[in-house]
Amino acid sequence: QVQLVESGGGLVQAGGSLRLSCAASGSTFSITRMGWYRQAPGKQRELVADISSGGTTNYADFAKGRFTLSRDNAKNTVDLQMNSLNPEDTAVYYCNAKPIFRGSTEYWGQGTQVTVSS
């Protein structure tokens, strides 16, 4: 099993920044890609960004140029630096880890609230 623990959410003014962190523990050898998703009220959960074990990143269009995802394989952590935040970024942000074997269980953190005020 894998556990994901998130931190760094909170309240920020428009134009401000937040840094989200996710730490994985347990059977981390079975993890391939890690990343962040978000879900706003009344909306579907959507990918923000994810990253491979080798460091290849994938960003949603809304995140490009504003958010940066990094990974430390030795510490089993991923960080999401979010800059130039706007109220549309308000959502619950979830850490995600995908297993190396297809059909195996994906892992999710408990979610952390990000609120951007005007």
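Excluded from the calculations below are hydrogen atoms, water molecules and symmetry mates; all remaining heavy atoms, backbone and side chain alike, are included. Please read these numbers as outputs of a predicted model, since none were measured by experiment.
Figure legend: Arg66 and Tyr59 shown without cation-pi pairing, the cationic atom not lying both under 6.0 angstrom from the six-membered ring centre and within 45 degrees of its axis.
In this structure, Thr28 contributes its side chain and Ser25 its backbone to no donor-acceptor pair below 3.5 Å. Distance alone, capped at 3.5 Å, is enough to place a donor-acceptor pair between the Ser52 side chain and the Gly55 backbone.
At least one side-chain heavy atom of Phe62 sits under 4.5 Å from a side-chain heavy atom of Val48. Put simply, the side chain of Leu11 reaches to within 4.5 Å of the side chain of Ser117, judged on heavy atoms. You'll find the side chain of Asp89 reaches within 4.5 Å of the side chain of Arg38, heavy atoms only. Side-chain contact check for Tyr94 versus Val92: some heavy-atom pair is nearer than 4.5 Å. A 4.5 Å side-chain heavy-atom check between Asn96 and Glu106 finds at least one atom pair inside the cut-off.
The two residues Leu18 and Leu85 make their nearest non-hydrogen contact at N-CD1, 3.8 Å. Across all their heavy atoms, Thr90 and Gln113 have their closest contact at CG2-NE2, 4.0 Å. Closest approach of Ile31 to Ser53, counting heavy atoms only: O-OG, 4.1 Å. When all heavy atoms are compared, the tightest approach of Val78 to Cys95 is CG2-SG, 4.1 Å. Closest approach of Ser30 to Val2, counting heavy atoms only: OG-CG2, 4.2 Å. Scanning all heavy atoms of the two residues, the minimum distance from Leu69 to Thr57 falls at O-CG2, 3.9 Å.
Taking the six-membered ring for Trp and the full ring otherwise, Trp36 and Phe67 have centroids separated by 6.0 Å or more.
Pairs passing the side-chain hydrogen bond (donor to acceptor under 3.5 Å, both in side chains) check and including a residue from residues 7-19, sequence neighbours excluded, read Ser17-Asn83, Arg19-Asp79, Arg19-Gln81.
Test Lys98, Arg33, Arg71 against Asp50 for side chain to side chain donor-acceptor pair (under 3.5 Å) and you get one pass: Arg33.
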- Glu46 vs Gln39, side-chain contact (heavy atoms from CB on, under 4.5 Å): CA-CA, chis, key distance, verdict: CA-CA 6 Å; Glu46 62 182 346; Gln39 188 166 24; over 6 Å; no
- Message: Val12 vs Met82, test: side-chain contact (heavy atoms from CB on, under 4.5 Å). Steps then yes/no.
- Response: CA-CA 11 Å; Val12 66; Met82 304 189 294; over 6 Å; no
- Message: Test side-chain contact (heavy atoms from CB on, under 4.5 Å) on Met34 and Leu4; report intermediate values, then the result.
- Response: CA-CA 10 Å; Met34 294 186 68; Leu4 304 175; 4.1 Å; yes
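Side-chain contact, Gln110 with Glu6: a donor N or O sits under 3.5 Å from an acceptor N or O. Side-chain contact, Tyr37 with Arg45: no donor N or O sits under 3.5 Å from an acceptor N or O.
Taking CG of Leu20 as the start and OG1 of Thr112 as the end, the distance is 6.5 Å to the nearest 0.5 Å.
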